[in-house]
Every structure is written in C-alpha cells, then in structure tokens.
Amino acid sequence: MNDYDKPPELYDGLRLHPQPDFIFPLDDVLAAITPSTRVVFITNPNNPTGVAVAQTAIQRVAREVPSEAVVFVDETYAEFAGHTFIPDLGRFPNVVVGHSFSKAFGLAGLRAGALVGHPDLMATLRRAVPVYSLNAAAVAALQAAISDREYLRNYLSQVKKSKALLYAACDRLGLKYWRSAANFVLVRTPGGTANLVALAAERDIYLRDQSREPGCSDCVRMTTGIVEHTRRGIAVLEELLCAAR
Ligand SMILES: *Cc1c(COP(=O)(O)O)cnc(C)c1O
C-alpha cells in the first residue's frame with residue numbers, strides 16, 4: 001500500500017486537515033513545528049488542488065523553523081503560477097527551491113530538475129548528490145528546452161485558455177472546481193469518480209482520480225494543457241455527466 005492508496009482518515013494522525021478551499025494551513029503548519037523539526041516541505045502551487053501559497057506564508061514558516069531546519073519549496077508548477085520564491089532566497093538562507101523540467105518544459109521522464117538556494121546550503125546538499133546524476137541525453141534536452149522560449153510561451157498561453165474553457169464548462173455543468181495556478185484543475189464530480197474515470201479512459205481521456213486525498217472526496221484532476229485536448233476532455237465530461245443525470 002503506497003501513500004496514495006491510504007484512505008483519508010489515516011491522515012488524521014498527521015494533522016492534515018485541509019482548510020476550506022484548500023487555503024494553505026499556515027497556523028496548523030506553525031503549530032506543528034517543534035525544536036526537533038528539520039525540514040518543512042511546501043508545494044506551491046499545490047498538487048492536486050492547484051491552489052497557490054502566499055509568499056508571505058512561506059516567509060513566516062522560514063522564520064519560525066529551528067535554526068538547523070530547512071524549508072523546501074516545491075515549485076514544480078511555478079511557471080504556470082508566474083511567481084517564485086527565488087528572489088527572496090537572499091533574505092532566507094534556510095529555504096531551498098525545487099524546480100522540475102517535467103511539466104512546463106515537457107521533459108517528463110528525463111528526471112531533470114534544479115535546486116536553488118544559498119551557496120552554503122547548496123554545498124551541504126551537494127555532498128548527498130551522486131556524481132553524474134544527470135545523463136548526457138538529459139543535458140542536451142535541457143539546453144534545447146531552456147533556449148526554446150517560444151515553446152514555453154505558447155504552452156503557458158494554451159494552459160491559460162484551457163483553464164478558462166474548463167472553468168466555463170464546470171459553471172455550465174454546475175460542478176465545483178478550484179481556480180488553479182497550475183496546469184490542471186481539481187473538479188468535484190457528483191456520483192463518485194471510479195465510473196467516470198473508467199468511462200473517460202474508454203474514450204481516451206485520462207482523468208486522475210484524487211478522491212482519496214484529504215478533502216478531495218468525489219474529485220478528479222483534469223490536465224489543462226493543449227487547448228485541443230482540453231476541448232475533447234470537456235466534451236467527454238459533458239457527455240458522461242449528462243448521460244448520468
Ligand atoms: C511532477 C512533480 C514533481 C517532480 O517531477 P519530476 O519528474 O521528478 O521532476 C515534483 N513535485 C510535484 C508536486 C509534482 O507534481
């Protein structure tokens with residue numbers, strides 16, 4: 001059983017009670033910090049909700065952790081959100097920002113990412129990084145991807161349009177959704193997720209069942225990338241939900 005298979009109630013002991021609308025639970029996080037805390041992970045924007053965390057909340061956590069502790073900010077979806085903690089790192093030498101090339105740069109599977117932080121902290125982390133952790137093919141792909149600004153610009157604009165289309169469809173269908181700062185949207189679907197996910201898959205639309213995540217009962221996560229794909233996903237969602245009514 002991996003973490004994703006655990007029913008939500010098993011999270012209770014870990015004090016993971018999502019706030020209404022998945023607002024970052026700053027007070028709960030601060031209350032959970034003890035003198036033995038060594039690392040706090042914050043995912044911004046969050047996956048699977050897409051909800052963004054205020055930079056001031058991250059600053060607050062960074063100020064409150066013990067001096068030996070590190071705050072890791074997972075910014076895998078930061079390109080879509082349009083903001084990053086990186087400019088603040090000079091003032092917060094106990095924060096490390098993690099970026100991935102799997103999402104906005106389209107290089108999933110290459111296992112390539114970047115950590116950004118204060119040089120002293122990076123020197124410590126570097127001791128734990130294996131030599132040759134990046135292979136030559138990944139380096140070649142990274143150089144091409146980073147210099148292809150047009151691809152990134154175009155994909156970001158597709159994501160923005162896709163999210164607007166999905167929000168409008170959810171409004172039409174009366175579905176609850178959460179406005180996302182990432183390239184996916186969490187949608188609450190009445191009548192359970194298992195059937196919907198299976199029937200959508202038969203139509204080549206792959207929805208991610210998130211119903212077992214805390215606070216996410218009846219929720220699926222729909223990717224909002226390429227507009228043409230989103231339109232097709234929305235058509236299938238409308239077909240299946242209207243048939244079920
Ligand atoms: C996709 C993802 C990652 C990183 O993916 P890699 O392919 O290993 O770079 C990290 N954090 C979150 C929240 C993700 O969704």
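Start at 1 and go down the list; that is how both ligands and their atoms are numbered.
- Checked for salt-bridge contact, Arg153 and Glu150 meet the test: a charged N lies under 4.0 Å from a carboxylate O.
- Under 4.0 Å is where a charged nitrogen must lie from a carboxylate oxygen, and between Lys176 and Asp21 at least one such pair does.
- Neither the backbone nor the side chain of Phe101 comes within contact range of ligand 1; no heavy atom lies under 4.0 Å.
- The nearest heavy-atom contact from the protein to atom 5 (O) of ligand 1 is Ser100 OG, 3.8 Å.
- In the model, Asp209 has a side-chain atom that pairs as donor or acceptor with a side-chain atom of Thr193 under 3.5 Å.
- Closest to atom 15 (O) of ligand 1 among all protein heavy atoms lies Tyr77 OH, 2.7 Å.
- The protein heavy atom nearest to atom 3 (C) of ligand 1 is Thr76 OG1, 3.5 Å.
- With hydrogens left out, the protein atom closest to atom 7 (O) of ligand 1 is Ser102 OG, 2.4 Å, a heavy atom.
- Atom CG of Leu241 is separated from atom CD1 of Ile234 by 12.0 Å, given to the nearest 0.5 angstrom.
- Atoms of ligand 1 lying under 4.0 Å from at least one heavy atom of Asn47, given by number and element, are 13 (C), 15 (O).
- Evaluated for a ring pair (Phe, Tyr, Trp, His ring centres under 6.0 Å) with Trp178, the options Phe184, Phe22, Tyr167 yield exactly one hit, Phe22.
- Among protein heavy atoms, atom 12 (C) of ligand 1 sits closest to Asp74 OD2, 3.5 Å.
- The line from CG of Leu237 to CD of Glu239 is 10.0 Å long, rounded to the nearest 0.5 Å.
- At a 3.5 angstrom cut-off on N or O pairs, Thr43 does not count as close to ligand 1.
- In this structure, the protein non-hydrogen atom closest to atom 8 (O) of ligand 1 is Arg111 NH2, 3.0 Å.
- Classification of Arg60 and Glu64 as a salt-bridged pair holds, one side-chain N sitting under 4.0 Å from a carboxylate O.
- The protein heavy atom nearest to atom 2 (C) of ligand 1 is Lys103 NZ, 2.6 Å.
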